[in-house]
Amino acid sequence: MSQAASVRTLAKAAPQGLVVNPRIKHAHYFETAARIITGGALVAVISVIVFVLGYILYRGIGSLSWEFISTPPQARMTEGGILPALIGTLWLVLLTAVFALPVGIATGIYLSEFAKGRIARFIRVAIANMAGVPSVIYGLFGFAAFSIALGFSKSLLAMGLTLTCVTLPVIITATEEALKQLPKELRLASLALGATRWRTTWRIVVPTAAPGIITGSILGLSRAAGETAPILFTGVAFFAPTAQSLMQPSMALPYHLYIMATQPVRPAPHIVWGTALVLVGMLSIINAGIALWRSRKRKKLKW
Amino acid sequence: MVDSEKGSFTLEKVSVTYGKEMAVTDVSLFIPARQVMALIGPSGCGKTTLLRCLNRMNDELGNVTVGGKIILDGVDINSPAVDPVALRTQVGQVFQKPNPFPMSIYDNITFGPRTLGIRKKGELDAIVEDTLKRAALWKEVHKNLKKHAFELSGGQQQRLCIARALATSPECLLMDEPCSALDPISTQLIEDTMEKLKNAVTIVIVTHSMQQASRVSDNTAFMLRESMEEPARLIEVSETEKLFTVPSDPRTEAYITGRFG
């Protein structure tokens with residue numbers, strides 16, 4: 001007798017409860033409902049993303065050209081490109097990376113591997129609060145601390161340091177979480193071989209958690225690239241040539257977008273959409289690249 | 001000191017306290033050098049806790065106090081003069097679940113020696129070959145030492161962990177239920193390995209399997225926590241054959257004949 005046939009015979013022979021159990025039938029309805037609701041939410045989210053990215057792409061793609069990204073704005077921003085803003089944003093990301101990555105990753109390591117008890121809890125709460133502070137507050141703080149108190153006035157440096165403050169909690173939390181996910185046995189194995197805590201951390205724990213740390217850090221940096229409020233008071237320029245030093249103000253893509261969209265005399269819309277496309281495209285490519293790289297790395301790491 | 005005693009442990013009235021709760025008390029035990037000592041007893045009887053005293057891994061768990069004396073080669077390992085980090089290069093450990101580092105076979109084994117400052121490639125290569133042979137893994141992996149440790153099977157990973165622990169040339173190897181996550185064939189291989197290893201190192205093994213204890217060990221210690229209100233104690237220790245055939249304590253007899261635990 002084939003297996004299917006034997007199963008059918010069994011079903012016939014089975015007591016009623018095994019074939020139709022009202023309670024279990026009920027559970028199956030919930031199963032179906034849960035799939036529809038969670039799946040629906042996913043579809044909604046994806047549609048929004050596709051619509052936003054698709055619309056920006058549709059409106060902006062026409063203005064993309066080498067000239068657009070390699071020349072400064074002209075004729076009161078009704079013509080020309082976005083070069084100074086693009087360079088300015090790249091500088092800001094670089095500066096933020098230089099300041100925020102070492103401090104943020106080191107703090108995350110300390111919190112995960114060394115901090116204990118009350119102090120650790122206090123620092124964690126403080127960092128969570130830091131992440132919740134609206135970015136315009138960072139702008140005001142940066143203006144007071146970096147532009148005035150430290151005398152950096154309105155400059156790339158002041159903007160970079162302010163964006164560092166915005167990004168730090170993201171990097172610290174990402175690092176701490178990435179380290180915490182590793183099994184305890186990994187650390188114990190190293191300690192049991194006569195490695196110190198620091199050697200264990202530096203040679204075993206951090207390299208193993210590196211994909212997570214890097215992913216979180218890049219996400220933090222891409223947030224910095226898109227922020228407007230923190231740079232508003234600390235050095236972003238309405239119009240300026242490409243900055244020649246870190247002590248000069250500079251244009252930046254998000255602010256450029258903002259002023260073009262709010263100016264009384266509207267510039268050509270295709271320039272605005274083109275700028276949006278460059279900003280979003282740059283960040284999407286970075287984020288997608290990181291996600292891909294990480295999923296590849298992950299395949300190797302299973303416990 | 002007689003050289004044959006190098007690698008022997010003497011425990012005098014050892015107790016372990018987690019926070020305020022005493023987990024193990026009054027363990028006095030001699031662990032002879034270059035023999036296998038099995039620690040048996042029901043779950044929660046402090047075997048692993050006691051094992052962790054021997055390389056001071058309890059220090060890493062925090063809030064643990066170890067009382068009494070543990071003497072290795074004439075030195076009290078809990079005295080302030082002893083560096084637990086240095087101690088662990090002399091007393092290696094193999095864990096319950098295989099826990100190789102997420103790196104190549106070669107790098108797994110050389111991690112310990114590098115910690116000790118060995119950097120020369122020739123020297124490291126020799127250590128890798130020697131320890132893999134002793135852990136009965138060389139034949140299977142010598143063609144590709146750059147292979148990622150996670151691509152090995154569970155049994156191979158555990159033998160890699162043994163090789164890794166041997167790489168700092170310890171006097172003693174602590175094994176915490178090393179076969180509990182493995183299939184019978186891998187278990188057999190590891191037991192054979194232990195048989196050969198004991199010519200050179202003292203082995204202390206925690207095991208839930210009385211068959212395993214009787215197969216691999218020279219001496220067996222039976223531990224028991226008689227109720228949740230009191231700490232675990234050492235009930236009986238003797239030569240393995242004697243403990244399993246003519247136990248002197250009725251509680252040991254009850255345990256080995258399967259009446260509880």
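Only heavy atoms go into these numbers, but all of them, side chains included; no hydrogens, no water, no symmetry mates. We name chains A, B, ... by the order of the sequence lines, and we start the count at 1 in each one. All figures in this text were calculated on a predicted structure; none of them were measured in a lab.
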At their closest point, which heavy atom of [X] faces which heavy atom of [Y], and how far apart are they?
X       : Y       : value
L193(A) : T168(B) : O-CG2, 4.1 Å
R164(B) : A189(A) : NH2-CB, 3.4 Å
T208(A) : P102(B) : OG1-CG, 3.3 Å

Side-chain (N99(B)) to main-chain (L186(A)) donor-acceptor, under 3.5 angstrom: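 No, the answer is negative, given that no donor and acceptor are paired below the 3.5 Å cut-off.
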Residue F95(B) versus chain A: region with a heavy atom under 4.5 Å: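 The side chain, not the backbone.
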V91(B), part contacting chain A, at a heavy-atom distance under 4.5 Å: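 Contact with chain A: backbone only.
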Over-ring placement of R199(A) relative to F111(B), 6.0 Å and 45° cut-offs: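 Satisfied, under 6.0 Å and within 45°.
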Gap separating the CG atom of L191(A) from the CZ atom of R56(B), nearest 0.5 angstrom: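 Between L191(A) CG and R56(B) CZ, I get 13.0 Å after rounding to 0.5 Å.
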Verdict with supporting geometry, R203(A) and T115(B), side-chain contact (heavy atoms from CB on, under 4.5 Å): CA-CA 10 Å; R203(A) 294 280 169 189; T115(B) 303; over 6 Å; no
Pairing of E60(B) and R187(A) as salt bridge, 4.0 angstrom limit: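 No.
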Candidate pair M57(B) and L188(A), rule side-chain contact (heavy atoms from CB on, under 4.5 Å), full reasoning: CA-CA 8 Å; M57(B) 281 300 273; L188(A) 293 180; 3.6 Å; yes
CZ (F114(A)) with more than 12 external heavy atoms under 6.0 Å: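 Atom CZ in F114(A) is packed in, count exceeds 12.
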